[in-house]
Amino acid sequence: MTDKDRFVPDEGLAPASTALPGGAGPLEEFTKPPSNQWREVWDQFKNHKGALYGGILFLVIVLWVYLGPVIWTIDATHIDIRARNQGPGFSHPFGTDQLGRDTFARMMAGGRTSVSVGITAMLLALGLGSFVGVMAGFFKRLDGPLMRLTDLFLALPLLPLLLVMMLLFRDPLNSAFGPEQGIFILIVVAIGVTSWMPTARIVRGDVLALKEREFVLAARSIGTTNTKMILRHILPNVLSPIMVSATLGIATAIITESALSFLGLGFPPDFPTWGRLLFDATDYLQQYPERVFWPGLAISLTVLSVNYLGDGLRDALDPRIRGR
Amino acid sequence: MLTFTIRRLVLAVPTLLFISLVIFLLLELAPGDPMAQVPLTVPPEVKEKMREALGLGQPMHIRFWKWIVQFFWIEPQVLIDAVFGSSFSAGDLRVISWQTRSPVMDIVVQRIPQTLWVVGTAYLVGILIAIPIGIYSAYKQYSWFDQTGTFISMIGFSVPPFFSGVLVIVIFSVNLGWFPSIYDTTHKVVDWDSFVTQLQQMVMPVMVLALQITAQISRFMRASMLDNLNQDYVRTARAKGLGETTVVMVHVLRNSMIPVVTVIALGVPSIFGGAIITEQVFKVNGIGQLLIGAIQANDLPMVQTLTFIFAVLIVLFNLIADVLYGLLDPRIRYD
Amino acid sequence: ERGTDGQVSLIYWQAPSILNPYLSGGTKEQEASAIVLEPLARFDTKGAMVPYLVTEIPTVENGGVSEDLTQITWKIAPGIKWSDGSAFTSADVKFTYEYCTHPEGGCAQLRHFEGVTSVETPDDSTVVINFAEPTPYPYGPFVGAESPIIQAAQFAECLGARAPECTEANFNPIGTGAYVVDEFRPNDVITMSANPNYRDPNKPAFSKLLFKGGGDATAAGRAVMETGEFDYAWNLQLAPDVIAQMEKGGKGVPVSAFGTLVERIMLNQTDASPDLPDGERATAKHEHPFLTDPAVYKAMSMAIDRPLLVEIGYGKAGKVTCNWVPAPEAYASTTFDCSTQDIEGAKAMLEAAGYKDSNGDGVRETPDGKPMKILYQTSTNAVRQDFQALIKQWWSEIGIESELRNVNASVFFGGDPGSPDTFQKFYADVEMYANNFNGADPQAYLGSVLCDKAPRPETQWQGENISRWCRPEYDALHKKLSQTASLNERAAIAKQLNDMVIEGGAMIPLVHRGRTSAHSNTLGGVALNTWDSELWNIADWYRIK
Amino acid sequence: MLDNPIARIEGLRVEFETKDGPVVGVEDISFEIEPGETVCIVGESGSGKSVSSLSLMRLVEFGGGEIAAGRLIFDRKDGGELDLATAGQDLMRHIRGNEIGMIFQEPMTALNPVFTVGRQLTEGLRVHMGMSRAQAEARALELLKQVRIPEPERRLKQYPHELSGGMRQRVVIAMAMACEPRLLIADEPTTALDVTIQAEILALMDRLKRETGTAVMFITHDMAVVAQMADRVVVMYRGKKVEEGPVEQIFENPQHDYTKALLAAVPKLGEMRGKSAPEPMKLLGVEGQTIAPIPGTDEVLLRVRGLTTRFAVKGGFFRRTVANVHAVEDVSFTLNRGQTLSLVGESGCGKSTAGRSILRLVEPNAGEINLDGVDIMKLDQAGLRRARLDMQMIFQDPFASLNPQMQLLDQVAEPMRNYGIASGSEIQDRVANLFDRVHLPRSFMRRYPHEMSGGQRQRIAIARALALNPKLIVADEAVSALDVSVQAQVLNLMMELQAELGLSYLFISHDMAVVERMSHHVGVMYLGRIVEMGPRARVFENPQHPYTQALMKAVPIADPHRRKAEKDLNFKPIPSPIHSLDYVAEPSRYDEVEPGHLVLTTDSGY
Ligand SMILES: Nc1ncnc2c1ncn2[C@@H]1O[C@H](COP(=O)(O)OP(=O)(O)OP(=O)(O)O)[C@@H](O)[C@H]1O
Ligand SMILES: Nc1ncnc2c1ncn2[C@@H]1O[C@H](COP(=O)(O)OP(=O)(O)OP(=O)(O)O)[C@@H](O)[C@H]1O
Ligand SMILES: [Mg+2]
Ligand SMILES: [Mg+2]
């Protein structure tokens, strides 16, 4: 369900009469100077209110989790056992947990992991999904096998897959990248590998439709090779469904990671993520409701901001809508 | 259409066989041993014997073949026996769970009702709420209703059930005491009162699940409505002098429902698959809980059978979605 | 009066998958089957034996145990019936022995019959058990929740390899207990009703019993103490403030009792470095670079603030302990005191032993230059994760850096030889878990650190000596224990063994953990028992009016 | 009473709310429609024709527009006058479909795809006339008969997609006529249709108008259609009315510059009578135009022999080929250097397929294609790619054939990059030159297709085709989607390029007037075959094949004095080009009636 055939009243934008007498001469120039593509994207993006606020919010969140620790220097794993279970206060703006760790610092540390997992897993899923989708849609011979592969992945149970991956790759990854990087890569790959299928299907559908469009035929007639065809003509035109998948992808990855924490397959315990913080805090829901509030809020805000950001980006990246 | 369906069904068989092989190999590779539950005091040679009793001593391809035979040949016979009272399957070894030492399918059958009650109802409720919301949001695009709807569905989408589940339990069971926090799977609906009890115990899990389903389906519905609201035929309908209600609820809705219906059909396997986390939070003990329990106990026949059933359902409902699309949209012709 | 108190509902956050304890070693199955199947004698809340299906506990004094300690004779109480109405006889006991010791049966409780040469039935009410060697503690077979009696008639066809095929019998065993199974739904719920043929005509007080499984401990506690939906919740492993909060719900109370469960950190005596080839990793072929040094493990122990751990993790259900065997009273050593943290002392000890931070990164190096970095693993569990974080911090204060890892409990305790994450494989430097022994005699438990019990590739990584700790003098002393009959002498040796293990650095005991369960305010008769099944006296439970 | 106009629009102004502030759709429009009269609104795309008509129906509001000023006086059935601009939506609902009917431009999309034709026809009847289902169905049947749909009973149960474009448009007309409205608004009802169907629909509307006395507001940009239909004409230009008057007056004595330019841009069938070579059109306001015939050469560039292209129809369980679409069947022709060969014919007769087959964009089944000595059919993929340097294609839809995501510079540069002809700044220069060639300012290079008008886009497509210096350009309906005025410019451009560069065109079109203007030779296609072929003058002045004759007759003539009556038209439905596998097509045999003028003797199916 893309908006590719959304009604775009592009006629009338440049009345044909510009070429007629009575107009300003045969070839009237547009008043707008031709401008840089990215500038235009930015202009459109700027005008999309939701996207702008979403983008700013997302940026703030990203800055907060990545640069915040520079200002707020309390270590997220530092235990101050005397100060445990404190409410929000001056020295601990979000309070402390049952071991006296600073929740504010833990939120930033957790956000770093969650946001990184969200973005990288999304990129991986997107890359895989787009690749499979484009290949299946573009090359008729690959369509059947690749779509069966998609079915296969849809049918595979996530948990055993994860366990197998943990078994097969954890030690090599740990020794190659260190324990934290190792498990990070593992989780990102696990989420990515199990969530590319919807993107692949959507992209394939769009590519199939695009292949019938005249400009693809036109490109072929001017000698465009398959690779170039995909890079220049197909990919840019499926960008908007991909963008939608991307924004949803970040959200699902963050949420999947938290579900993995719930099932005990996530990051190690001293490696906070928003999902784990939320999960750990649910036990204390009644005593310390603020503990669930912060991670819950952070996840929701990120998902929301990314969603609005995606809406705006999609519109901004489509030159047809951008021109409106 | 019929040829199409049959063709797809026939093509699905090799796909499914391949899927079952992949699942099998995956499970073989996975860590875990069915003897994990047996204490250390049992000497290794006894454990080895127990493994053999479970058929683990045989080479992989033989075990796979055995599973295929049991699943595709013996289990259907058992089903026939159960329905007609015949006895084709007598004495044949069925797919046996390592955990409970009883036929897998019996347990699956035992679990289906509660899964359907809870997850199925949630799906239904979710759809019934989502569709009007989607329609109205699209009709009044960018109105405050639409904005709020977007906001709430995003929140619904982003709150993990292990949290929302506990939250509703604390509010409705602990503080208000309206609903039980633990689902009673033995409860049988026989009269009005027991039906009310059943409703009470279903409310919370259904609520939690429906929130997520509503969030997703309403987005779909909205997008689909928006696609159609600008179509020329809508203008034609208005030019005929039809009322707004007729235009939106008949002309636009029918067209917009086509993709949504297929999306809904694609979600049905997930009902049977259960909702692992929600089932766990409310102790519904449906299929989802069965799967996660089996995985944790390394009960390979159970996991293999369940995941294969899911695979069948997914492939089947993919087909159903395609066929539905063809049936609903007169423009689509297969063949 | 039997059956007058309606229904009693129990919630176990782990659901039983079978009701035959001989086919499953899991606690959850034992607990559930204890309602139906009974042993000849049980342990009471203090660990003392009480006769159940017999008239008295046989001892040397009353002649039930032969002087040479190779024979024990049980006298079955008259008038005991199976729930189907047939009489309970010594043949059933003998059958149970045969059932479990059948070479192809794969019986999970085989160790209870270790050393038994034969079971004889001179008459319907007499059971004679012969041991190969003098057995000072002959109460292994048919005592406690792990080896109850099954009905010969029902299981006659289920011997050996056919055991798993008897689904009906395994799900609905006929027993002598207070309740009979109505319906068993594996991994979900069991419904039972009062046994009409129960030996005490006034018991049980309830007519129905609901045994619900699944979920998590929090939810179980909540269902008993906050919403009052259930009467009894098993094993609430929760943070004390969470339990305290639940108690405020006012519908029920937590009860705790102490058994022999000790939360401890096992110290790997061998090198588990992933650089070693499989088959040599974590085996006696390579000694651990520094953990075997007394200065190191003592310093590590000193750095731990145990009272704080108790307060954070277990509250009333925990006590500081420095011992491996904390109970029964007679066996508990008092040699050590470890209730105060001493970071400075620990630092000094390490310093003195030559472990210095020579490169200034905050981590000490061994004299031969290896940084003191350890991998610290445990199963996934909120309290354990808090402990890990705390201990990691304390150890880092004394210059030992630890990397934490938690493994899903089902994998960790799973024992799959193929998995690198099991606690037996111990592919880490230290690991934390809890263990205990059932019954009141620690001999077998103390035997778990014998040299030949170390898990290694040759044993498919099975074995109880998790630390791979090995001292020939210990093995010798343990052998002496197994030949000593006098209780006092046994206690003395046991304490000595315990001290050797602690002194020798096989483990760092942390907390003597009690079991916390909860029951509703209206449920009477609950006597929490850590020596047997918690449901050992379920026949006596009643509704407080 | 009788001279009371049925609708009177006074000072209408419609604004649209857009992101960049309000946009005026139409401004200060006033005109009236008398009962029983046909008023044609003409003007180029975007001039506000649709907006005016939608305002009258008060449907602009649903498109985001707002009637900012003006009155829309409508004379209701029961005599009272009503200002529609202020009427409530409930009242409007009653008037729509009942008193004012509307026919929309696109028959493909104006019908709801998921409801049967019958259902959609009866809906309005049941709402407005309070008919029962049976009554409504009876009336619907009657309506279908009125619009002369074959097999009306069956149509009622069919879905829109099962009807051809012409039939669908008739259904839309029937729908608009259902409640016998007193005013019928037809918004470009024939633009999307074939000449022959267009002729039929126009005749049908004319008859219906005569029979029922309905007033018609007819919107179009096709002056020929205006000449056929109108009593009075309103000319619109950029949201304003620029001229109004009786049809004869407008055609014979146009006052406004725009009207004059518009009329000058319309190619009229028969204009070229007596001229042997094509020549550019005289356009108003274009200075320094040199009108010189383009003779071309007699040297053969392209020789096609027995070209046959079929598409497989798959079916059955194993998706095997069960039948073939005989899209192109035994087609032979030659094309000379510097000349234009036009292929004309109705939609679906195989013109595009023939054009694409020559470039092997679809694979022909048989035949011989010789381009300047190169046997195209024998080439492998690499050779074919090289051969395409010499032959290029321009597609029908200038928007669809450009990648919406690419800047124009890149689109034009793409062929050169593909063949590595130029690189770096050289490309830039070349593209700039090409822009000059097609009269586009260089500043457009950084634009996107959607920022261009249709004519400008088509110029880009031409520039792209020119980039490789081809000898042959296949122009597949290159001007069909354009406004008349733009069409004229593009045609002139193409001819100019031909004169200068000696290009050869294979010009594919269904517009006879355009073909007459452009071509040296003409081939008339029907059902995959060329039924008549020869020098343009011969084919147009002396059509021999019955199909050619019928086609010539259907072309509307931009002269209000030469109207066609319905009885002149007699079209047979086109037979299906799908044949079973064992069908053996007869070879095409021709009669040479005059030198170079061939007429098919094989049975073509017509
Ligand atoms: N929904 C809309 N939003 C903004 N502007 C619009 C909208 N609809 C029409 N317009 C503008 O109103 C003007 C008149 O458009 P209109 O559709 O009436 O043109 P037209 O004469 O019917 O053209 P065509 O021949 O292409 O149908 C155009 O400039 C167009 O851009
Ligand atoms: N890819 C294809 N697969 C199957 N049939 C096709 C295909 N392309 C065209 N056809 C069929 O071949 C016939 C000729 O089509 P073609 O497009 O050449 O007609 P045309 O004369 O160009 O029509 P138009 O004026 O509508 O463009 C038609 O019946 C069409 O349905
Ligand atoms: Mg229009
Ligand atoms: Mg064509």
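Proteins come first, then strands; the chains are lettered A, B, ... in the order of their sequence lines, and each starts at number 1. As the structure is a computational prediction, the values presented were derived from the model and not from experiment. Side chains are part of it too, since the values below use all heavy atoms of this structure and drop only hydrogens, waters and symmetry mates.
Separating the CZ atom in D:R385 from the OG1 atom in A:T224 is a distance of 8.0 Å, to the nearest 0.5 Å. In this structure, A:K228 NZ and D:N418 CG are separated by 5.5 Å, a value rounded to the nearest 0.5 Å. Put simply, CZ on A:R232 and CE on D:M406 are 5.5 Å apart, with the number rounded to the nearest 0.5 Å. The structure places CG of D:L402 at 9.5 Å from CZ of A:F215, a figure rounded to the nearest 0.5 Å.
Residues A:E214 and D:R356 are paired through a salt bridge, judged by an N-O separation under 4.0 Å between the basic side chain and the carboxylate.
The environment of CZ in D:F16 is crowded: more than 12 heavy-atom neighbours from other residues, nucleotides or ligands sit within 6.0 Å. Residue-environment remark: CZ (D:F62) exceeds the threshold of 12 foreign heavy atoms within 6.0 Å.
In plain terms, the two heavy atoms of D:R464 and A:I222 that are nearest each other are CD-CD1, 3.9 Å. Contact between D:R388 and A:R220 at its shortest, heavy atoms only, is NH1-O, 3.4 Å. Considering every non-hydrogen atom in both D:F395 and A:L217, the closest pair reads CE2-CD2, 3.5 Å. Here the closest non-hydrogen pair linking A:A218 and D:S401 is CB-O, 3.8 Å.
Contact count versus chain D (heavy atoms, under 4.5 Å) is highest, among A:P236, A:A219, A:S221, for A:S221.
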